[in-house]
Structure formats: structure tokens, C-alpha cells
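Written below as C-alpha cells is the structure these notes are about.
Remember, it's a predicted structure, so these values are computed and weren't measured experimentally. Just so you know, ligand 1 is whichever comes first in the structure, and atom 1 is the first atom listed for that ligand.
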Amino acid sequence: MSERTALMAGNWKMHLTTAKAAELAQEVGRGSSDDQGVEVMVAPPFTALAAVSQAIQGLPVKLGAQNLYPAPEGAYTGEISAPMLADLGVTYVILGHSERRHVLGESDSFIRDKVAAAREGGLIPVLCCGELLEDREAGQTMEVIQTQLEQGLKDIPLENSSNLVLAYEPVWAIGTGKTATPELAQEVHGRIREWLAGRYNKDLAKGVRILYGGSVKGSNVKALMAEADIDGALVGGASLTGEAFLPIVRYRL
Ligand code: PEP
């Protein structure tokens, strides 16, 4: 466990219509409390952002988005910008998720532009990185992650460690029920923090939160959070009901 404030983030992906999303957000908010030293974030689909933003008024839950387009406005049919998200009360935006990299074909440079746009729009990027099973089997895990981070943060200044969150999500552990062992996850998180110290400086590296994602649930969150460089979780499947997500949020109780 670290001195950084833990962040438990729910990525709802392409699930939940507005009423269900608002209801779940309230359930999560009512079940969370400010005094556990755990920050909670939910990232509904774009269609539910406004309803969830309303629903969590006064509750200890932050709003996240799952994507943005790297321009403030313009002729980009179907896209959503950082200022539009900020206008809805969004604080965090998930970028570089493996589904966008591998299903939608997003490149490191496109992701980098999104990170820059998020910062310019006053949002905190949650930049995801992670290796495929074949990368791990070929002994390429750290090379892959380092490239994703180097490219994704290219020429992005970091004045304050709270302006960036990273998420390590081994692709073979996402939605598969296979979780990286806490030791394996810690090894990568530790290397990421070392990389951050070299890329920025030691103080910033110490403050940046690095989340783990990949089949996190109530039964494995404590062991993961006991590791020195794991500062929270990015949760997919288990964030879709209060019953599954609240034990993660309340892992300290
Ligand atoms: C994710 O999509 O970021 C994720 C970690 O999903 P799951 O928790 O379902 O593995």
C-alpha cells in the first residue's frame, strides 16, 4: 500500500442505458465514503454522462469519460471533445485502453494527441498500457509498455503528479477472469514508476497513481492493493453492479 490516495475506477464500456447508469452511479456514491481515503470514479458511455453527472451531485464519486477526440471542436462527425466533457462535469478520461488500441486500431501517436487534448481541456488522462500474451511470452512486456508510455506522453509536460494517472492492464487479463498475480503486477508497476522518474523526475514519479486493471474483483483487490506501487484499480466487468463494485471500493473495511 502506498501513501498515494487510492483510485477505484469503473469502466462501464458500452453498457447501461441512462436510467440504469444513473441508478448504479447513485448506488456506488451512497456506498462510498470520503473518509476511507479512496477516490471513486465511474466512466459511463457518452450517452449517460449527463444523467450520471446529475445523479452523483453531492456524492463522493468523480465522473470519467471513456474517450475523446483530440480537437476542441470542428467537423469530426460522431466525435466528442475535451471541452464538451468538461462541460458535463467530467474529471477523468480513459485513453489508450487496449480495446481502442487493438479493436479500433488507435496508434500511440493518436493516443498521445488525445492525452495532450485532455490536459489542454483540464481533464486528467488515465493512460492505459499493457502487453498482449504473445508479448509476454516473447519476453517483450517492458519494451511494449515503455514504447506505449514514451509515445503516449511524448512532449507532454507534467507540472503536477495529480495531472496524470496511468493504468497497467495486461491485455491477457482483461475480461478473461485471469488476474496477474500481485507480485507480477507489482514488478511491472515498479518498473513503470522507475520509467516515470527518468522521464520526469523522482518527486513526480512518487506522486503519479498507477492503477492495475484486469479481472479485478472483491476477492483479489486487497492482495493487489497491498503491493507498494499499486495505487488503485481500473475495473471493467466487476464495476457493472453495486454488489460487485462496492467491495472493491470498500476494500479497506
Ligand atoms: C478493463 O476493461 O479496463 C478491465 C480491466 O476489464 P475487466 O475488469 O473486466 O477485466
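By the 4.5 Å heavy-atom criterion applied to side chains, Y212 and E227 are not counted as neighbours. Residues V188 and P170 fail the side-chain proximity criterion, which asks for heavy atoms closer than 4.5 Å.
Not a single heavy atom of K217 sits less than 4.0 Å from an atom of ligand 1. Close to ligand 1: G175, with a non-hydrogen atom less than 4.0 angstrom away. Ligand 1 has at least one atom lying under 4.0 Å from a heavy atom of A173.
Counting only heavy atoms of the protein, atom 3 (O) of ligand 1 lies nearest to E169 OE2, 2.7 Å. The single protein non-hydrogen atom nearest to atom 1 (C) of ligand 1 is H97 NE2, 3.2 Å, given as residue, atom name and distance.
In terms of polar-atom proximity, defined here as any N/O pair under 3.5 Å, G237 does make such a contact with ligand 1. Remark: ligand 1 and G236 share an N or O pair separated by less than 3.5 Å (distance only, no angle test). Looking at ligand 1, you won't find any N or O of L234 less than 3.5 Å from one of its N or O atoms. At least one N or O atom of K13, backbone or side chain, sits closer than 3.5 Å to an N or O atom of ligand 1.
Checking E159 against Y200 by side-chain atom types alone, no donor-acceptor pair falls below 3.5 Å.
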Q) side-chain contact (heavy atoms from CB on, under 4.5 Å) between L68 and L123: does it pass, once the steps are laid out? A) CA-CA 10 Å; L68 58 68; L123 305 179; 4.1 Å; yes

Q. Which is it for R101 and I111 under the side-chain contact (heavy atoms from CB on, under 4.5 Å) test, yes or no, and what are the steps along the way?
A. CA-CA 9 Å; R101 290 179 188 272; I111 293 164; 3.5 Å; yes

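No donor-acceptor pair under 3.5 Å is formed between the side chain of R199 and the backbone N or O of L149. Side-chain atoms of W12 come within 3.5 Å of backbone atoms of S239 as a donor-acceptor pair (strictly under, hydrogens ignored).
Annotation for ligand 1: atoms under 4.0 Å from non-hydrogen atoms of G214 are 5 (C), 10 (O).
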